[in-house]
S.K.: 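Handing you this structure, nothing more for now.
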2 protein chains.
Amino acid sequence: MESAVPATAAAAPLELPTRLLHGPGPSPVAPSVLEALAKPCIGHMDPEFMRVMNEVRSMLQTVFGTENEMTLACSGTGSAGAEMLMDNLVEPGDVCLVGVNGVFGGRLAEKARRAGGEVHTMDADWGQAFDQDAVVAKIEELEPAIACFVHAETSTGVHQPFDRLGEAMHKHGGLLLMDCVTSFAGLPLEVDAWGVDGAYSGTQKCLSCPPGLSPVTLSERAMHKLAGRKTPVHSWYLDLTLVGNYWSGSRAYHHTAPVNMNYALHEALRLVLEEGLEERFARHQATHEKLKAGLLERGFEYASDPDHSLPMLNLVKIPAGVADEAAVRKRLLTEHGLEIGGGLGALAGVCWRIGLMGHGARDESVDTILKALDAELG
Amino acid sequence: MESAVPATAAAAPLELPTRLLHGPGPSPVAPSVLEALAKPCIGHMDPEFMRVMNEVRSMLQTVFGTENEMTLACSGTGSAGAEMLMDNLVEPGDVCLVGVNGVFGGRLAEKARRAGGEVHTMDADWGQAFDQDAVVAKIEELEPAIACFVHAETSTGVHQPFDRLGEAMHKHGGLLLMDCVTSFAGLPLEVDAWGVDGAYSGTQKCLSCPPGLSPVTLSERAMHKLAGRKTPVHSWYLDLTLVGNYWSGSRAYHHTAPVNMNYALHEALRLVLEEGLEERFARHQATHEKLKAGLLERGFEYASDPDHSLPMLNLVKIPAGVADEAAVRKRLLTEHGLEIGGGLGALAGVCWRIGLMGHGARDESVDTILKALDAELG
């Protein structure tokens, strides 16, 4: 049969500009990670790929601060990881407490709702963290089956303390979930010590790997709840009983893992551990302080609570004199090759987000960012 | 806080064996696709990335044989694409007809069930295609809201004719879905001419791109049903109203697209169109015939219906003299660097699957496969 659809000519080979990625992610990718990404593909059931998966899991455990056996790279972006936790751990009718102080908390509430949860939100001004005393009081009042908070809100640059929440949830048998998309490999994570039962991240923030996978970990408590579910998990793709068997149990085929993306994740994790976690956290902090000093000197104001500001994501108010903020960001991109982030949700048009993540958290980056801002705003 | 979790040392840098991928996928990846994969990452909202997405969409349309505006690369593997269609197009209580003549039909039935469908399966022996007359009769009897069949069953090597099914479904207002994971870019696809309302594929078969994305297309009829849903789509990650806006509507941020994987898909599609679809199909057919002749000469028997055998996936019975088939496949892998596939599901231990897909569908590949089989079985 002749196709009725007109044939498209092949597009021209990809030509891409060079960008300095200092928005909310993706972040700059180290050359060796791109090299790993481009290694020849092998089979997703090949014993050599199983070895790669095992090493990825082991390195993920260290960065998460956990000994959880159920630690893996979900075959989707951070949003898929969030959905994997909600879909597997929320049963219809479960009371869920979700902290909403930015876009990503709001999305978690929506995902918990779609998973059938009876969602109660706890709200804070965007740019503010939740006080742990208030969260513990709310947990004691509601006794939710699931509580979920965002460790590092990418939309507001806020760092949420987590260390006292697990105990409060476990007293009544609930599970604590954590979004650590932006903090993973940039801030200390103590999944086990904090009593976090489920956490997920993304590869394109402080890990400095291209986007496409979501590191996920679940505690024994979480796996126990999953094993005792009364209703089937809605998603087949994200069903942890099936995915988990592929990653660590019987190795039964479930889906074809994104093989090359796992190579890149392997190399990105390797770079993190070679540098050392403490050293990496200190580098993020030092670069943040250098940027902050430069921005304050130029009259910028931070819009996030100074006691809870993230080092890797700087939320600043758009200077009063800027009439068309999108045009400024566009000029930064086209004239200086510099990507910074606009505000998201309620902060669109109000704030900018400047990221110093992973391979991009370097003194030279700060100099470049300040120079470009001077050129466009000065 | 000091972590209680012992620090893992960084793994050694990746060292991977060279494999000749002639199983059911992933297939051998062309060097220029690996080069594209490793180009520097840019932002998922960058105008230059939007251009890449537009070109990917346009090339996908040509390979699907469609003018559907809603054509995109789902940010997950083929199984995610299947779930995207089921989750968006099946409403709770919808009567669904699913053809099951292999593992992947069975998975589609399960996904339709999880999406709330009242699933009726139509069954055929594994290795046999469905007779279109029988399918049309079943459609007229059931008048299902959704019918879904597998165009190229990767578990059995069967090619399912599709050209008469759309008309039968549209008479009563139903939607026809097609799994073309293994046929995409290897066999003619006529989504528009056949009246297919939703189709999905994977990148790691005849496209010869690493696994990680799923080409998906939906007709106007399908989008109309989605717009009129009475119940929300269960998945947020795969919600086509949100994903579709990012790919073609308002360009609103939904999730961070796997940027580099889309580069690879762009280059893989470019190679397909540069070669020409007809030429590519002919190459797959010619290579299949060469392999088939060599296998028959050596006493192999095909296990799929000879009138409906796929060129890119050859299902053969394991020779009678082979006592430990897994050991033979392991030696092919470790001694010859050759991956072929074991049988899946009911065919495990009974059949082997030999793939000649995309960049791997070449005369040299046939020679290599036959030589390795001779060495291990001869």
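Everything quoted here is computed from the prediction, not taken from an experiment.
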S.K.: Could you measure the distance from the CG atom of A:L34 to the CD atom of B:E35? Nearest 0.5 Å is fine.
M.R.: 13.0 Å
S.K.: Give, as side chain, backbone, both or neither, the part of B:F49 having an atom under 4.5 angstrom from any heavy atom of chain A.
M.R.: neither
S.K.: So for A:A257, is it side chain, backbone, both, or neither that comes closer than 4.5 Å to the heavy atoms of chain B?
M.R.: backbone
S.K.: If we only count heavy atoms from C-beta on, is the B:H44 to A:P26 side-chain gap below 4.5 Å?
M.R.: yes
S.K.: Less than 4.5 Å to any heavy atom of chain A: does that hold for the side chain of B:L60, its backbone, both, or neither?
M.R.: neither
S.K.: Could you tell me which portion of A:V52 (side chain, backbone, both or neither) has an atom closer than 4.5 angstrom to a non-hydrogen atom of chain B?
M.R.: side chain
S.K.: Atom CZ in A:R51, atom CD in B:E15: separation rounded to 0.5 Å?
M.R.: 8.0 Å
S.K.: What part of A:L21 gets closer than 4.5 Å to chain B, counting heavy atoms only: side chain, backbone, both or neither?
M.R.: side chain
S.K.: Let's test your reading of the structure: which of B:H254, B:M86, B:E110 forms the most heavy-atom pairs below 4.5 Å with chain A?
M.R.: B:H254
S.K.: Do B:E83 side-chain atoms and A:W236 backbone N/O form a donor-acceptor pair below 3.5 Å?
M.R.: yes
S.K.: Counting N and O atoms only, with roles assigned by atom type, does the side chain of B:R270 sit under 3.5 Å from a partner on the main chain of A:A11, one being a donor and the other an acceptor?
M.R.: yes
S.K.: Any side-chain heavy-atom pair from A:T18 and B:P40 closer than 4.5 angstrom?
M.R.: no
S.K.: Counting only heavy atoms closer than 4.5 Å, note whether B:L344 contacts chain A via side chain, backbone, both or neither.
M.R.: side chain
S.K.: For A:A82, is it the side chain, the backbone, both or neither that has a heavy atom under 4.5 Å from a heavy atom of chain B?
M.R.: neither
S.K.: With a 4.5 angstrom heavy-atom cut-off, which part of A:I42 approaches chain B: side chain, backbone, both or neither?
M.R.: both
S.K.: Is A:H266 close to chain B through its backbone or its side chain, or both, or neither, when contacts mean heavy atoms under 4.5 Å?
M.R.: side chain
S.K.: Is the Lys NZ or Arg CZ of A:R107 less than 6.0 Å from the centre of B:Y237's six-membered ring, within 45° of the axis?
M.R.: no
S.K.: At a heavy-atom separation under 4.5 Å, does B:P232 approach chain A through its side chain, its backbone, both, or neither?
M.R.: neither
S.K.: A:E339 vs B:M45, test: side chain to side chain contact (heavy atoms under 4.5 Å, CB included). Steps then yes/no.
M.R.: CA-CA 10 Å; A:E339 175 174 284; B:M45 303 296 284; 5.8 Å; no
S.K.: What residue, out of B:S79, B:G341, B:G212, has the most heavy-atom pairs lying under 4.5 Å from chain A?
M.R.: B:S79
S.K.: What part of A:E274 gets closer than 4.5 Å to chain B, counting heavy atoms only: side chain, backbone, both or neither?
M.R.: both
S.K.: Side chain, backbone, both or neither: which part of B:A12 has a heavy atom under 4.5 Å from chain A?
M.R.: backbone
S.K.: Is any side-chain heavy atom of A:C41 less than 4.5 Å from a side-chain heavy atom of B:S27?
M.R.: no
S.K.: Look at the side chain of A:R114 and the backbone N and O of B:S235, then say whether any donor-acceptor pair between them is shorter than 3.5 Å.
M.R.: yes
S.K.: At a heavy-atom separation under 4.5 Å, does B:L14 approach chain A through its side chain, its backbone, both, or neither?
M.R.: both
S.K.: Could you grab the distance from atom CG of A:N260 to atom CG of B:L16, nearest 0.5 Å is fine?
M.R.: 9.0 Å
S.K.: Pick one of side chain, backbone, both or neither for B:V29, based on which atoms fall under 4.5 Å of a heavy atom in chain A.
M.R.: side chain
S.K.: Tell me, side chain or backbone of B:K39 under 4.5 Å from chain A's heavy atoms, or both, or neither?
M.R.: both
S.K.: Please identify, among B:L333, B:L269, B:T334, B:D46, the residue contributing the most non-hydrogen atom pairs under 4.5 Å to chain A.
M.R.: B:D46
S.K.: Which atoms of A:V233 are under 4.5 Å from chain B, going by heavy atoms: the side chain, the backbone, both sets, or neither?
M.R.: both
S.K.: Looking at A:V272, A:T256, A:L20, which has the largest count of heavy-atom pairs under 4.5 Å with chain B?
M.R.: A:T256
S.K.: Heavy-atom cut-off 4.5 Å, strictly under: side chain, backbone, both or neither for B:R113 against chain A?
M.R.: neither
S.K.: In Å and rounded to the nearest 0.5 Å, what is the NE2 to OG1 distance from A:H255 to B:T77?
M.R.: 5.0 Å
